[in-house]
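Convention: sequence-line order gives letters A, B, ...; per-chain numbering from 1.
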Amino acid sequence: MSIKENKLQLYNSLSRKKEVFEPIKGPHVGMYVCGPTVYGDAHLGHARPGIAFDLIFRYLKHLDYKVRYVRNITDVGHLENDADHGEDKIAKKARLEQLEPMEIAQYFSDRYIDNMDALNVLRPSIQPRASGHIIEQMEMVSKILDAGFAYEAKGSIYFDVVKYNKKHNYGKLSGRNIEDVLENTRDLDGQEDKRESVDFAIWKNASPEHIMRWNSPWGSGFPGWHMECSAMSTKYLGEQFDIHGGGLDLRFPHHESEIAQSVAANGSEPVKYWMHNNMVTIDGQKMGKSLGNFITLDEFFTGSHKLLAQAYEPMTIRFFILQAHYRSTVDFSNEALQASQKGYEKLMNAVETLDKLKASDTNDFDVAQWNRKCYSAMDDDFNSPILIAHLFDAVKIINSVKDGKLKINTENLELLKTAFNSFTFEILGLRKDEKSQSGGELSAKLIDIMLKIRHEAKLNKDWATADQIRNQLTDLGVQIKDTKEGAEWQL
RNA sequence: GGUCUCGUGGCCGAGCGGCUAGGCUGGGCUCUGCAAAAGCUCCUACAGCGGUUCGAAUCCGCUCGAGACCUCCA
């Protein structure tokens, strides 16, 4: 499938509508997604944008777009909400654990990348770190100052939202009206240096005990909350690029402020399509760091959390997330995860069955039509749940062909194999469980010997022996399936 | 308080004016020595109340309920 014959639509948070995707400079596509702040282990909520934008990245590449995908790692910035001294989250963690801040950031970013690898999330083209782009951020702060949309106060630089809003529209992304916001903003501590509560720091003066600091024209300090994404996206994707993604919770103030910063500094709208993934919920509430109701990905993989009934394979997690549309919330529960696990196993079994399927002269299934439906699902704002439903339709066909209840000819079988595998592995990014490939050659041969003995026992109607072999293999985790062609097994 | 989103069967989750996805679970049947697997099949739906329409889960209004953002957050 090439770009030309395809009609991809995606939901733009800015217009709040689905729009036909037309990259600024096709076939090149620039995509920036907000990554994690690395001061703790990634939890299920972090898996959502990881997987959602991985799906988008994979599909765009499948359509032959040349995608440069940038996902940042935030290793500086982000103040504690209640810290009067403007202490950095990472710096705070470092102080508490008596480590270099960069030691903390390195440790958790390594673990984050490991988790994403486990989930089969492709590595982005560039994973820039905020701490490595302080100069770019300072340059952007200067540009905003020069443009007159920022002011200095006690060594900090604040974005002048009110002034900006007179000329541009601050609130266009989040649907906010600044006048209303000004009236309704709650009183917060530590805002005494700002002219207005809606103003935000783009450079922050570092208090003496603050450990992460850089020299700047405005004194020793560190970049403000939203600067890094503006600076790094501009650096790697240009002043205007195609897609900016992130969690829905970042829409305001983070993304709203990014727009303002870029417009103030560069004079142009930075992003054509804003895309936001919805949240993972637990008991109907957002799973999040601040609420403390999160379960880390490692805990899922090992089952080591009191709310988990069992350990879950990374691919179960991935499949679980892909079974919901990225703009809907997904609610965590053991029941839902176990359902996903079974569904995923069913799909993987079909992959193996399909591989061994034999073609007939006649044909009962129009694979080309089915293939088009799969593309339509993806073209409709990356509707992975619909795609998965179509895959299960094909699973039914595959199993029926295997049972001899349906026929499929060579041409259709080849297309089915290509398309089914492409959608399952290349686009949805699923992968066969390690465990189904493990076991080793010797075990496989031993199991085959056992099954041969069982087969002989069955021919002699020695059910006791046959069942003993089956039961003991089952206890070891080897599942026996008797088919017309003989017994098959899987781990 | 302001802005916005959502309420679908036992569970998860699509659809978003007519043709009523899919997965998991439960019941029945087929196949099989039995079982598993697989196939077929059945049962529970569109929060409530009005309205628009020939026709609404889908559009509009109200009520109730849940959530998100307004503060760091994926």
**Phosphate OP1/OP2 of G67(B): any Asn278(A) side-chain N/O under 4.0 Å** = no
**Item:** P gap between G55(B) and A14(B), integer Å
**Value:** 30 Å
**Asked** What integer number of Å spans the P atoms of G27(B) and A36(B)?
**Response** 11 Å
**Prompt:** Quick one: Phe252(A) CZ to C70(B) C1', roughly how many Å, whole number?
**Reply:** 6 Å
**Prompt:** Under 4.0 Å: is that the gap between some side-chain N or O of Ser328(A) and OP1 or OP2 of A14(B)?
**Reply:** yes
**Message:** Between the base of G33(B) and the side chain of Asp467(A), is there a donor and acceptor pair under 3.5 angstrom?
**Reply:** yes
**Asked** Quick one: the side chain of Arg251(A) and the base of A68(B), do they pair up donor-acceptor inside 3.5 Å?
**Response** no
**Message:** Do Val161(A) and Glu196(A) have side chains that approach each other closer than 4.5 Å (heavy atoms only, starting at C-beta)?
**Reply:** no
**Message:** Taking only the C1' atom of each, what is the distance from C16(B) to C60(B) in whole angstrom?
**Reply:** 14 Å
For nucleotides 37-44 of chain B, tabulate all protein N/O to nucleotide N/O atom pairs closer than 3.5 Å, reporting atom names and distance.
unit_1, atom_1, unit_2, atom_2, d
A38(B), O3', Asn399(A), ND2, 3.1
A38(B), O2', Asp403(A), OD2, 2.7
G39(B), OP1, Asn399(A), ND2, 3.3

**Message:** Is it true that Ser340(A) and Gln323(A) share a donor-acceptor pair across their side chains at a distance under 3.5 Å?
**Reply:** yes
**Request:** Compare the minimum distances between each of G22(B), C69(B), A68(B) and the side chain of Ala389(A), then state the nucleotide with the smallest one.
**Result:** G22(B)
**Message:** Need one value for Val33(A): base, sugar-phosphate or nothing, where a base atom within 4.0 Å counts as base even if backbone is also close, heavy atoms only.
**Reply:** nothing
**Asked** How many Å lie between CG on Asn277(A) and P on A74(B), as a whole number?
**Response** 11 Å
**Message:** Roughly how many Å apart are C11(B) and C70(B), using the C1' atom of each and rounding to a whole number?
**Reply:** 34 Å
**Item:** Proximal nucleotide (of C34(B), C24(B), A74(B)) relative to the Lys342(A) side chain
**Value:** C24(B)
Check nucleotides 57-59 of chain B for protein N or O atoms closer than 3.5 Å to its own N or O atoms and list the pairs.
none

**Asked** What's the closest nucleotide to the Lys286(A) side chain, out of G15(B), C24(B), C69(B)?
**Response** C69(B)
**Complete:** For G7(B), the nucleotide meeting Watson-Crick or G-U wobble distances (both under 3.5 Å) is C64(B)
**Asked** Would you say a side-chain N or O of Thr37(A) is under 4.0 Å from OP1 or OP2 of A74(B)?
**Response** yes
**Asked** How far, in whole Å, is C46(B) from C6(B) if one measures between their C1' atoms?
**Response** 14 Å
**Spacing of the C1' atoms in A45(B) and C12(B) (rounded, Å)** = 14 Å
**Message:** Quick check for you: among G23(B), G22(B), G33(B), whose closest atom lies nearest to any side-chain atom of Ala339(A)?
**Reply:** G23(B)
**Asked** Can Phe392(A) be classed as stacking with the base of G23(B), given a centroid separation cut-off of 5.5 Å and a plane angle cut-off of 30°?
**Response** no
**Message:** Please report the interatomic distance OG(Ser376(A)) to CG(Asn371(A)), rounded to the nearest 0.5 Å.
**Reply:** 9.5 Å
**Request:** Considering only atom P, compute the distance from C69(B) to A74(B) and round it to an integer number of Å.
**Result:** 12 Å
**Message:** Does the plane of the ring in Tyr326(A) sit parallel, tilted or perpendicular to the ring in Phe53(A)? Use 30° and 60° as the thresholds.
**Reply:** tilted
**Request:** Both distances under 3.5 Å, Watson-Crick or G-U wobble: report the partner of A74(B), or none.
**Result:** none
